[in-house]
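Here the structure is laid out as structure tokens; the discussion comes afterwards.
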Amino acid sequence: MKVRTRFAPSPTGFMHIGNLRTALYAYLFARRHNGDFLLRIEDTDTERYVEGAIDTIYNTLSKAGIDIDEGPFKDGGVGPYIQSLRKDIYMRYAEELVQRGGAYYCFCAKERLDTLCDANGIKRYDKHCLRLSKEEIAAKLASGVPYVIRQNMPTEGESSYVDMVFGKISVPCSELEDNVLLKSDGMPTYNFANVVDDHLMGITHVMRGTEYLSSTPKYNLIYDSFGWQRPQYMHLPPIMKDAQRKLSKRYGDANFEDFLNKGYLPEAIVNYIALLGWSPKGNEEKLSMAELIDMFGVEGVSKSSSIFDEQKMRWLNALYLREKTTEEFCILATPFYQRSKVAGKYDYALLSKLLHQRVEILSDIPGMVDFLEEFEAYELALYEHKKMKTDALVARTAVQGALRCLKDIEFTEEQVMAALTAESEGLGIKKGQMLFCVRLAITGKASTPGGAVEIAELLGKEESLRRLEFSLRLLEK
RNA sequence: GGCCCCAUGGUCAAGCGGUUAAGACAUCGCCCUUUCACGGCGGUAACAGGAGUUCGAACCUCCUUGGGGUCACCA
């Protein structure tokens, strides 16, 4: 049988990293087995629907490099792929399930439901309407009493299945409640729509979060009542913010789009989340989509939750950034130059040459480059460098010398370098000491995206000399 | 609380009865170097605890502890 997997998000207007990983695994699994990957929108909860959410889902998947074989805008013959458009289908199947004894009509009012409690004080339906006679049901239906359709759970025994990652899961049927399958507004609940759709759409493998691990037996019972074949399940542990908290919308940083805006490359994000909860056989961690498809398998999927480590994603991002050409980097970096103090004032291509190999995420750029426009008094302690054997005293000599030798030359990289080299020899200090001090004197920063000569050239002669003089005054105090 | 699940360094994780318990990120040190970064080399750092089973347990069993999930006309 051809493998078919699906990603079935609710259109809540937000593409969470955890959801994206679920989609990714479903996609990788399908591709690995030459199967199909479908997108289905689960919008049966009309109250949670957010305008434009479907576009967000589409855009995210597309940027992430996850392509869809069938979905709302790409019919594969088993549509529609939006649940609200399938209302009549669920209705039909719900009625059939009632015929088969797997479900029943329930006319209980909210007030009655609220009084129902089990020994632990937990609300639980008591199968009251299951005992209604055919005539009573027909009469209520005819007189238009609002109703829902509930799943008829067995009261004894246990229901079990074998999950692809967790192995055998079994739950006592006594734990299972007669959940609502069809709401009074005629919409199905997740419990029902999911089963009906997965079956009708030919889904063979269901990937989803572990929050469904222990309710899956319920869904399986529906498959059984219909006489349908149950799919395989791959439940995925959650991605956490820390040991206790799940990564979530509430903490704001779990959104794919946010990471993009921070200057993460989609391929780095995808690569990183693929590794969160799954590990490849070998030791290679930088993996392209093609490699992921080739290597993905359940054996590597982890059972325990994992904490999202942005630091490691930064590292991966840096790897991806470095393998771009400087031209490509410049294009990616431009929006971030625009956002910085140097906006419009420097040659971005020149800046990119220096920054390309030093940037981990693009949003670091402004902070790395602002010193070009921002120069003020700094700590003289910066001149103390153990290995260079420099201090404020050496610096004074070096800066004086630099000022002297740079005044009358043409400001090219070669000339500046030659002048500083010669000057340091004349002063009897090391070239490294000279360059270190000059770099500091013209930037005021411990760390800069280039050496003295490169920065000097970037600043130009006038500004370089101005800064040298400024620093000299600082050093002479 | 009932039920389900999970548990290897700070983090991601390999490991499927016999290993000096991989590797990566982070961290620290050294080297390279015109700063920073890159790169190279090296270090610190883990089997939650307790009982079994076994000649032998990170791996199997049980208990404890800790954590997560779930118990909706939400998905």
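As the structure is a prediction and not an experimental result, all values here were calculated from the model. Chain letters run A, B, ... following the sequence lines, proteins first and then strands; every chain starts at 1.
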field: Presence of donor-acceptor pair under 3.5 Å, side chain of Ser214(A) and base of rC5(B)
entry: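 Such a pair does not exist between side chain and base.
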Phosphate OP1/OP2 of rA14(B): any Ser279(A) side-chain N/O under 4.0 Å: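 Yes, such a contact exists.
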Between Thr397(A) and Gln400(A), a side-chain donor and acceptor under 3.5 Å: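 No pair is found: no donor N or O on one side chain lies under 3.5 Å from an acceptor on the other.
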task: Over 60° means perpendicular and under 30° means parallel, so classify the ring planes of Tyr105(A) and Phe107(A), tilted if in between.
output: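 Geometry flag for Tyr105(A) against Phe107(A): parallel rings.
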- prompt: Would you say the ring centroid of Tyr190(A) lies under 6.0 angstrom from that of Tyr212(A)?
  reply: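 For Tyr190(A) and Tyr212(A), the ring centres are under 6.0 Å apart.
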- prompt: Looking at the rings of His385(A) and Phe436(A), which for Trp means the six-membered one, are their centres under 6.0 Å apart?
  reply: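 Aromatic pair counts; centres sit under 6.0 Å.
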Between [options], which nucleotide has the shortest distance from any of its atoms to the side chain of [X]?
| X | options | answer |
| --- | --- | --- |
| Lys312(A) | rC73(B), rA24(B), rA26(B) | rA24(B) |
| Pro238(A) | rU11(B), rG68(B), rU35(B) | rG68(B) |
| Trp315(A) | rA24(B), rC3(B), rC6(B) | rA24(B) |
| Arg358(A) | rU33(B), rU35(B), rG69(B) | rU35(B) |
| Tyr212(A) | rG68(B), rC3(B), rA75(B) | rA75(B) |

With a 4.0 Å cut-off on heavy atoms, is [X] in touch with a base, just the backbone sugar-phosphate, or nothing at all?
| X | result |
| --- | --- |
| Gln244(A) | sugar-phosphate |
| Met388(A) | sugar-phosphate |
| Gly282(A) | nothing |
| Thr44(A) | sugar-phosphate |
| Tyr272(A) | nothing |
| Arg322(A) | sugar-phosphate |
| Ser184(A) | base |
| Ser174(A) | nothing |
| Lys218(A) | nothing |

field: side-chain hydrogen bond (donor to acceptor under 3.5 Å, both in side chains) partner of Thr448(A), chosen from Arg439(A), Arg358(A), Glu454(A)
entry: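 Only match with Thr448(A) under side-chain hydrogen bond (donor to acceptor under 3.5 Å, both in side chains): Arg439(A).
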Between [N] and [M], how far is it from one [atom1] atom to the other, in whole Å?
| N | M | atom1 | result |
| --- | --- | --- | --- |
| rA45(B) | rA22(B) | P | 13 Å |
| rU61(B) | rG17(B) | C1' | 14 Å |
| rU19(B) | rG56(B) | C1' | 13 Å |
| rG23(B) | rG9(B) | C1' | 13 Å |
| rA7(B) | rA58(B) | P | 16 Å |

message: Tell me whether Lys430(A) at atom NZ has more than 12 heavy atoms from other residues, nucleotides or ligands lying less than 6.0 Å away.
response: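 No, because the 6.0 Å sphere around NZ of Lys430(A) holds 12 heavy atoms or fewer from other groups.
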task: State, yes or no, whether a side-chain contact exists between Tyr383(A) and Tyr378(A) at a heavy-atom distance under 4.5 Å.
output: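 Sidechains of Tyr378(A) and Tyr383(A): in contact.
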query: Of the options Phe259(A), Phe308(A), Tyr264(A), which is the one that meets Tyr272(A) in a ring pair (Phe, Tyr, Trp, His ring centres under 6.0 Å)?
result: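 Exactly one candidate clears the test, Phe308(A).
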field: Stems formed with participation of RNA chain B [Watson-Crick or G-U wobble, under 3.5 Å, three or more pairs]
entry: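 Counting only runs of 3 or more consecutive pairs, the stems involving RNA chain B are B:1-7 with B:65-71, B:10-12 with B:23-25, B:27-31 with B:39-43, B:48-52 with B:60-64.
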task: To the nearest Å, give me how far apart CG (Leu287(A)) and P (rC12(B)) are.
output: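 About 19 Å, once rounded to whole Å.
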